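I have placed the structure first, in the form of structure tokens, so that the comments after it can refer back to it.
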Amino acid sequence: MSTSPSLSTEKRNGIFNAVSAYLMWGIAPLYFKLLTDVGADEILVHRVIWSSLLLLLVVIAMKKWPQVKALMQEPKLLLRLTLTALILASNWFLFIWAINNDHLLDASLGYYINPLLSVALGMIFLGERLRKWQKFAVILAIIGVLIQLVMLGSLPVISLALAGTFGIYGLLRKKMQVDSFVGLLVESSLMVPIALLYWGFFISSPTTDMFNNSLSLNVTLILAGVVTTAPLLCFTAAAKRLTLSALGFFQYIGPSIMFVLATVIYNEPLQTAKLTTFIFIWLALVIFSYESFRGRKAAA
């Protein structure tokens, strides 16, 4: 009986951290919209540099530096992390570009598609099996994307690119036995030299030289590190306290907030074709989530 309150507290803390993580990911566009006068490539440079510094402090504070040193002795693993770093940087750049070029609806759709794409990737590359209705949900999502192709004559390229890069990143990282913070620190550190070179030699804009910027702009740019790292801290804390199935329940908070921001705050046009695609994806997610919950309940 004495362990019950403790378990309950752990679960409550897990839920709080999960909601916090996905809320922060959902409202991240509000931050990037503050930087519409700064190029997506320049924002990416700041995101890489300041998140690396913050992650370094976090890893040291969590006493995980020995894991970093051990990882640096494994060249094959470092090579794989270099690949995931490039994929992650591509995802970050696409997300920033989409927001600051009025494609937040496409970003929202991408992160709705992502869970279903991740499941499909797991089935193809990891031999994971899907139940009948789960397969039907994935097919519904494909139909939703094809509807947009037929009605608009083009695929939702931004959405698919965001979902694809994040899905492939998750697949590759799942196959590596690396702590999430240690891995992300190494990935972002591998990006830093490229980011610094690009910042020094290839970016030419009024905001390149931070000594000429206003204090408020510099603070906003440096906060890119917090915007990147804070939700990950909460997500990792939640993952330790909740089952993956429970954690998955919260993953739709982020794209739902993005959808509301895009349509209500930023007045992005919601064409019939796009709305139809969203409806198919939403229906697919409802079916998939319900079937997954039913399957776990039956197994229990």
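Remember, it's a predicted structure, so these values are computed and weren't measured experimentally.
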Start with the C-alpha distance between Q134 and V119, add both sets of side-chain angles, then the distance that settles side-chain contact (heavy atoms from CB on, under 4.5 Å), and finish with yes or no. CA-CA 9 Å; Q134 290 175 325; V119 165; 5.9 Å; no

Intermediate values then yes/no, side-chain contact (heavy atoms from CB on, under 4.5 Å), L30 and I27: CA-CA 6 Å; L30 293 172; I27 64 173; 4.0 Å; yes

Taking [Y]'s backbone N and O only, do any of them form a donor-acceptor pair with [X]'s side chain (distance below 3.5 Å, no angle check)?
{"X": "N101", "Y": "H103", "answer": "no"}
{"X": "N114", "Y": "G110", "answer": "no"}
{"X": "Q73", "Y": "A70", "answer": "no"}
{"X": "N91", "Y": "T165", "answer": "no"}
{"X": "S159", "Y": "A107", "answer": "no"}
{"X": "S52", "Y": "V48", "answer": "yes"}
{"X": "Y31", "Y": "T220", "answer": "yes"}

F166 atom CZ, over 12 foreign heavy atoms within 6.0 Å: no

Give a yes or no on whether M210 atom CE has more than 12 heavy-atom contacts from other residues, nucleotides or ligands under 6.0 Å away. yes

Worked verdict on Q148 versus T276 for side chain to side chain donor-acceptor pair (under 3.5 Å): CA-CA 8 Å; Q148 192 163 326; T276 305; over 6 Å; no

Let me see the working for W282 and I287 under side-chain contact (heavy atoms from CB on, under 4.5 Å), right down to the final yes or no. CA-CA 9 Å; W282 289 333; I287 293 171; over 6 Å; no

For a 4.5 angstrom cut-off between non-hydrogen side-chain atoms, does Y252 reach S289? yes

Taking the side chain as C-beta and beyond, is there a heavy-atom pair between K11 and R241 under 4.5 Å? no

Using 30° and 60° as the class boundaries, would you call the ring planes of F278 and F259 parallel, tilted or perpendicular? perpendicular

With under 30° as parallel and over 60° as perpendicular, where do the rings of F95 and Y111 fit, or are they tilted in between? perpendicular

Pair up each side-chain donor or acceptor in residues 32-41 with any protein partner under 3.5 Å, not counting sequence neighbours, and list the distances.
from: K33; atom 1: NZ; to: I99; atom 2: O; distance (Å): 2.9
from: K33; atom 1: NZ; to: D102; atom 2: OD1; distance (Å): 3.1
from: D41; atom 1: OD2; to: Y198; atom 2: OH; distance (Å): 2.7

If you round to the nearest 0.5 Å, how far is [atom2] of [Y] from [atom1] of [X]?
{"X": "W97", "Y": "I158", "atom1": "CH2", "atom2": "CD1", "value": "4.5 Å"}
{"X": "I281", "Y": "I147", "atom1": "CD1", "atom2": "CD1", "value": "9.5 Å"}
{"X": "I279", "Y": "L140", "atom1": "CD1", "atom2": "CG", "value": "12.5 Å"}
{"X": "L270", "Y": "T277", "atom1": "CG", "atom2": "OG1", "value": "10.0 Å"}
{"X": "L88", "Y": "L83", "atom1": "CG", "atom2": "CG", "value": "11.0 Å"}
{"X": "S51", "Y": "L223", "atom1": "OG", "atom2": "CG", "value": "12.5 Å"}

Joint hydrophobic cluster, I124 plus I139, side-chain heavy atoms closer than 4.5 Å: no

L160-L116 co-clustered via ILVMFWY side chain contacts under 4.5 Å: yes

Any salt bridge between K135 and E291, counting N to O under 4.0 Å? no

Under the criterion side chain to side chain donor-acceptor pair (under 3.5 Å), I'd like the reasoning laid out for R173 against T84: C-alpha separation, chi angles, the key distance, then a yes or no. CA-CA 7 Å; R173 279 299 303 270; T84 56; 5.4 Å; no

Quick check: closest heavy atoms across N13 and N17, and the distance to 0.1 Å? O-ND2, 2.8 Å

Using the side chain to side chain donor-acceptor pair (under 3.5 Å) rule, take E268 and T263 through it: C-alpha gap first, then chi angles, then the decisive distance, then the call. CA-CA 5 Å; E268 287 190 20; T263 53; over 6 Å; no

Walk me through whether Y169 and K174 qualify under side-chain contact (heavy atoms from CB on, under 4.5 Å). CA-CA 8 Å; Y169 172 77; K174 187 173 183 179; over 6 Å; no

